[in-house]
Amino acid sequence: MNVSTTSQTAPALLRVLSDGTRLRALALLAREELSVGELSRCLAMTQSRVSNHLRVLREHDLLIERRSGTSTFLRAALGAGSADSAADRLWSAVAPDLDAVPEAEADRLRLLGVLAERNTDDASFFDRMAGDWDKVGALFARGEARQRAAAHLLPAGLTFADLGCGTGYVARALVGLCSRLVCIDRSEGMLEEAERRLREQGASGTEMEFRRGELDALPLEDGELDGAVAAMVLHHLPELDPALHEMRRALKPGGTLSVIELMPHREAWMHADLGDRHLGLDPTEVQAAFARAGFTDLRVEPLDDRYCPVPSAQQPNTDPRGGESVALALYLVRGRVPQS
Ligand SMILES: C[S@@+](CC[C@H](N)C(=O)[O-])C[C@H]1O[C@@H](n2cnc3c(N)ncnc32)[C@H](O)[C@@H]1O
């Protein structure tokens, strides 16, 4: 809008915009074209009260009106891309903060209701709301129950395990996907930390157990598991075969094992800094150990993420690049216990 009348001088406009109701009305009308009745419902005010404010906005050329049959629709004559009028300059300074006005969320929620009533039989309503839907929709339902409900697509009664769980980084992604999750680690300290973090996640429908044990003597019954993951732990073991045989024993027929490992690397400081026995593992070695343990349907896949540890500058065995992180490649090996 380029017109600059006396009613649109900065002091006159500041007086208009100093009123909270007029700001809320302009925020709604900048978003949607509305009838006076619809605007009143969005503001939760009587039409006569809203009409008084609209009169002031009209006097200052801040509204565009369109007649359709017996109704008049209004929209804000603001923020149409030009910033060369006092009104547009003021509006571009004020508009970004309007979401923080206490009534703004409620106004937008009521706006949703008004628009939904007007137009629910095609996609245009949701097309218009798509950018704001997550924010406004958060008012309808709090928490993540709807997202967790997607896990109900999985068969009921599954038991998964995170083997060498550490602080439960991978286990966190399994919560909600199974009925029972068993976290196993040789370190009591790691298990305690995993338990604290996983319980903090709150109700999930997954019963959690934390068991101390070794990968080559797993504290699990034969065939107790439907699936297991062992992430970043095989490179700590002196031998792969005893652990892979144990994992197969603990899985049901048809159960799946996923191993996540580091590709072989040359970061020798990781022996001392991170307690790693091997500098990564060759995927073909891991795949061969799966096969020797009797797993079938073997797959090896690279993972997109990088593992980025940082050599500590304090360690005597430190790398000369102490403090600078390295980016190491990860891969996944998957296999299944045969049905019979
Ligand atoms: C590098 S952390 C990985 C933790 C977690 N899986 C992750 O991806 O973030 C290795 C974990 O394996 C555990 N661990 C190492 N050797 C083990 C063994 N033989 N049996 C059970 N846990 C072991 C360690 O205590 C440690 O918590």
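All values derive from a computational prediction rather than experimental measurement. Numbering of ligands and ligand atoms starts at 1, following listing order.
Atom numbering of ligand 1 starts at 1 in the shown order; those under 4.0 Å from a heavy atom of E214 are 18 (C), 19 (N), 20 (N). Atoms of ligand 1 found under 4.0 Å from any heavy atom of C165 (numbered from 1 in listed order, with element): 4 (C), 5 (C), 6 (N). Listed by number with element, the atoms of ligand 1 under 4.0 angstrom from any heavy atom of S187 are 25 (O). Those atoms of ligand 1 with a heavy atom of G213 less than 4.0 angstrom away are 20 (N), 21 (C).
Side-chain N or O atoms of T167 include none that pairs as donor or acceptor with a backbone N or O of A194 at under 3.5 Å. Within the 3.5 Å criterion, the main-chain N or O of G280 finds no donor-acceptor partner in the side chain of H278.
T72 and R67 share a donor-acceptor pair across their side chains, judged by distance under 3.5 Å alone.
Residue contacts with ligand 1, taken as heavy atom pairs separated by less than 4.0 Å, involve L237 solely via side-chain atoms from C-beta onward. Contacts between R186 and ligand 1 below 4.0 angstrom, taking non-hydrogen atoms only, involve backbone and side chain alike.
Under the salt bridge (charged side-chain N to carboxylate O under 4.0 Å, His left out) rule, R211 has a single partner from E224, E221, E188, E195, which is E224.
Taking the side chain as every heavy atom from C-beta outward, M247 and L163 approach each other to under 4.5 Å.
Counting non-hydrogen atoms of other residues, nucleotides and ligands closer than 6.0 Å to CZ of R75 gives a total of 12 or fewer. Counting non-hydrogen atoms of other residues, nucleotides and ligands closer than 6.0 Å to CZ of R197 gives a total above 12.
Checked by distance only, ligand 1 and Y169 stay at 3.5 Å or farther apart across all their nitrogen or oxygen atoms. Every N/O-N/O distance between V233 and ligand 1 stays at or above 3.5 Å. Considering both main-chain and side-chain atoms, L163 never comes within under 3.5 Å of ligand 1 through any nitrogen or oxygen pair. Residue L215 has at least one nitrogen or oxygen atom sitting less than 3.5 Å from a nitrogen or oxygen atom of ligand 1, judged on distance alone.
With sequence neighbours excluded, the residues satisfying side chain to side chain donor-acceptor pair (under 3.5 Å) with R66 are E33.
Taking only non-hydrogen atoms, the option from G166, A231, P242 nearest to atom 7 (C) of ligand 1 is A231. Summarising the contacts of atom 4 (C) of ligand 1 with G164, G189, A171, the nearest heavy atom is found in G164.
For atom 2 (S) of ligand 1, the closest heavy atom belonging to the protein is M232 O, 4.1 Å. The closest protein non-hydrogen atom to atom 25 (O) of ligand 1 is D185 OD1, 2.6 Å.
Criterion: ILVMFWY side-chain heavy atoms under 4.5 Å apart, direct or through other members. Under it, M190 and L237 are not part of a common hydrophobic cluster.
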